[in-house]
Amino acid sequence: MNIDVQPNAGRKETAGFLASEIQARRLHDFLRGRRAHLKLSQEDVAHRLDISGRAYGDWERGRVKEWKDEKLYALAEALEMTEYQTTLLFLYAVGRAPQPDLRAALHHPESEDDAVAAFLGDYTVMIDALSLPSFVIDQAWDVKMANKAFRDLFSSVRAHPTAMPTRNFLRFGLFHPDAPAILIDHLKWQLAMLAQLSSSLERHSDDNGLQSIRRDVYRHAALRDAYVTDMPNWVLGTGADLVHHEGAVRELRHPEPGVGRQGCRLVEETPRSLQRLGYTRLTLVLIDLDERLAPERCAPHGQRAV
């Protein structure tokens with residue numbers, strides 16, 4: 001008895017083609033959206049990549065014979081992507097997270113230990129002179145340096161063995177009992193931090209510090225439910241921009257008399273010298289709610305405030 005399997009094969013080919021088209025569309029929308037956010041033309045990005053405008057147009061439409069890591073990292077740099085956005089780029093283009101070790105090798109770090117120490121010392125002095133709270137973290141969100149404005153913001157926080165804000169910022173927001181007193185609408189902060197944890201684990205799945213945070217999340221029933229169910233739904237509803245630092249304005253309460261409730265936008269501004277060390281610098285841009293955030297506070301859930 002002969003069995004004709006051609007129809008099934010045809011359906012598989014059609015399904016594969018549709019999946020490929022969907023992936024290409026996601027990549028196209030992501031790259032076009034990022035370029036529009038930076039107010040760049042295709043020719044502008046092509047100039048940054050040292051390729052022709054036509055070639056970049058093919059990149060943006062996903063018409064690339066092979067996405068090599070070097071090409072994706074160059075694209076991420078040209079479009080000024082954060083770590084989270086770079087991870088999305090890799091997932092959309094090649095279906096996996098980037099390889100941090102390869103990126104470090106591509107940058108060819110040459111600094112000696114004493115030179116690195118000198119740079120970090122100078123950088124500490126520089127950020128300490130800033131009036132806005134600013135801090136530097138590693139891939140596990142351990143705080144490597146923080147300025148006076150950051151320490152002042154959390155000066156009223158009681159001692160905790162593992163969740164001090166000057167030790168690990170994710171642990172503070174997720175586990176410290178004093179966090180809700182400073183981070184207003186604490187659940188939204190927690191959802192964003194759980195999204196950051198998930199994103200960081202995608203890039204650094206073997207990191208012991210991140211794995212430890214995830215284990216502690218699973219030991220906490222409410223956080224476990226939020227991580228498994230609420231956070232993925234929140235990400236789908238708000239979109240990638242609001243997951244990462246620059247996209248959302250949240251609220252906090254500053255302990256200094258006369259300051260009180262403030263809007264807060266987390267802005268990543270990491271120089272290459274820090275990136276090569278595996279560090280990220282975040283600044284908490286504090287905003288007067290009465291003057292600048294009324295429209296954003298009234299925005300319906302799931303819509304981006306403009």
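- At distances below 3.5 Å, not a single donor-acceptor pair connects side-chain atoms of E269 with backbone N or O atoms of T283.
- In terms of heavy atoms, A146 sits closest to D128 at O-OD1, 4.5 Å.
- No donor-acceptor distance shorter than 3.5 angstrom exists from the side chain of R35 to the backbone of L79, with no hydrogens or angles considered.
- Looking only at side-chain heavy atoms (C-beta outward), Y227 and L197 come within less than 4.5 Å of each other.
- Side chain of R34 to backbone of E80: a donor-acceptor contact under 3.5 angstrom is found.
- Once rounded to the nearest 0.5 Å, the distance linking CG of L201 with CG of L210 reads 5.0 Å.
- Scanning all heavy atoms of the two residues, the minimum distance from Y279 to T270 falls at O-CG2, 3.3 Å.
- The backbone N or O of D138 sits nowhere less than 3.5 Å from a side-chain atom of D142 that would complete a donor-acceptor pair.
- Checking side-chain atoms of H176 against main-chain N and O of R158 turns up a donor-acceptor pair under 3.5 Å.
- In this structure the side chain of L282 never reaches within 4.5 angstrom of the side chain of F169, judged on heavy atoms.
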*Mind running side-chain hydrogen bond (donor to acceptor under 3.5 Å, both in side chains) on S212 and R171 for me, showing each step along the way?*
CA-CA 10 Å; S212 175; R171 282 192 171 277; 2.9 Å; yes
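- In this structure a side-chain-to-backbone donor-acceptor pair under 3.5 Å is present from W189 to E251.
- Residue D58 holds its CG atom at 8.0 Å from OG of S52, rounded to the nearest 0.5 Å.
- Hydrophobic clustering, with ILVMFWY side chains joined whenever heavy atoms are under 4.5 angstrom apart, keeps I184 apart from L153.
- Note that the CZ atom of R167 and the NZ atom of K144 stand 10.5 Å from one another [nearest 0.5 Å].
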*Would you sort out whether D29 and R26 count as a salt bridge (Lys or Arg N to Asp or Glu O under 4.0 Å), showing the intermediate values?*
CA-CA 5 Å; D29 292 344; R26 285 177 176 172; over 6 Å; no
_Please determine whether side-chain hydrogen bond (donor to acceptor under 3.5 Å, both in side chains) holds for the pair S134 and R281, giving the CA-CA distance in whole Å, both sets of side-chain angles, and the decisive distance to 0.1 Å._
CA-CA 7 Å; S134 190; R281 176 185 161 197; 2.9 Å; yes
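- Residues V217 and F175 form a side-chain contact, since some pair of their non-hydrogen atoms from C-beta on lies under 4.5 Å apart.
- Residues L89 and F30 have side chains in contact (heavy-atom distance under 4.5 Å, counting atoms from C-beta outward).
- Criterion: ILVMFWY side-chain heavy atoms under 4.5 Å apart, direct or through other members. Under it, L91 and L72 are not part of a common hydrophobic cluster.
- One distance of note links CG of L194 with CD of Q196; it measures 10.0 Å at 0.5 Å rounding.
- Counting heavy atoms from C-beta on, the side chains of I213 and D216 never come closer than 4.5 Å.
- Within a 6.0 Å radius of CZ in R224, other residues, nucleotides and ligands contribute more than 12 heavy atoms.
- At least one donor-acceptor pair under 3.5 Å links the side chain of D44 to the backbone N or O of S41.
- Residues F90 and Y73 bring their aromatic ring centres within 6.0 Å.
- In terms of heavy-atom proximity, H160 sits nearest to P177 at CD2-CD, 3.8 Å.
- Listed here is the closest heavy atom pair of S131 and A149: O-CB, 3.4 Å.
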*Please lay out, stage by stage, how R151 and S155 fare under the test side-chain hydrogen bond (donor to acceptor under 3.5 Å, both in side chains).*
CA-CA 6 Å; R151 296 190 296 272; S155 60; over 6 Å; no
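- The environment of K148 atom NZ is sparse: at most 12 non-hydrogen atoms of other residues, nucleotides or ligands sit within 6.0 angstrom.
- Between V249 and G263 the shortest heavy-atom distance is CG1-CA, 4.3 Å.
- Looking only at distances, no side-chain donor or acceptor of D178 sits under 3.5 Å from a matching main-chain atom of V157.
- The closest side-chain heavy-atom distance from L266 to L284 is below 4.5 Å.
- Using modelled atom types and a 3.5 Å distance limit, the side chains of T280 and E268 yield no donor-acceptor pair.
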*Show the numbers, then the answer: is there a side-chain contact (heavy atoms from CB on, under 4.5 Å) between D185 and R250?*
CA-CA 8 Å; D185 203 348; R250 300 181 183 89; over 6 Å; no
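- The local environment of NE2 in H47 is sparse, with at most 12 non-hydrogen atoms from other residues, nucleotides or ligands closer than 6.0 Å.
- Rounding to the nearest 0.5 Å places CD of Q211 at 6.5 Å from CG of D206.
- Proximity of a side-chain donor or acceptor of H186 to a complementary backbone N or O of G173 within less than 3.5 Å is detected.
- In this structure, the separation between CZ on R261 and CG on L252 is 10.5 Å, given to the nearest 0.5 Å.
- In this structure, N168 contributes its side chain and T162 its backbone to no donor-acceptor pair below 3.5 Å.
- In this structure, the side chains of L31 and M81 come closer than 4.5 Å at one or more pairs of heavy atoms.
- In terms of heavy-atom proximity, N147 sits nearest to L132 at ND2-O, 2.8 Å.
- Counting only heavy atoms from C-beta outward, the side chains of T166 and F172 never approach each other to under 4.5 Å.
- The cluster map of Ile, Leu, Val, Met, Phe, Trp and Tyr, joined by side-chain heavy atoms under 4.5 Å apart, puts L187 and L174 in the same cluster.
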*Assess whether side-chain hydrogen bond (donor to acceptor under 3.5 Å, both in side chains) is satisfied between H254 and Q262, documenting all intermediate values.*
CA-CA 7 Å; H254 199 289; Q262 295 278 292; over 6 Å; no
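- With respect to F135, the ring-ring contact (aromatic ring centres under 6.0 Å, His included) criterion is satisfied by exactly one of W141, Y123, F150: F150.
- Put simply, V259 and L286 are part of two different groups of oily side chains (I, L, V, M, F, W, Y) that touch within less than 4.5 Å, one to the next.
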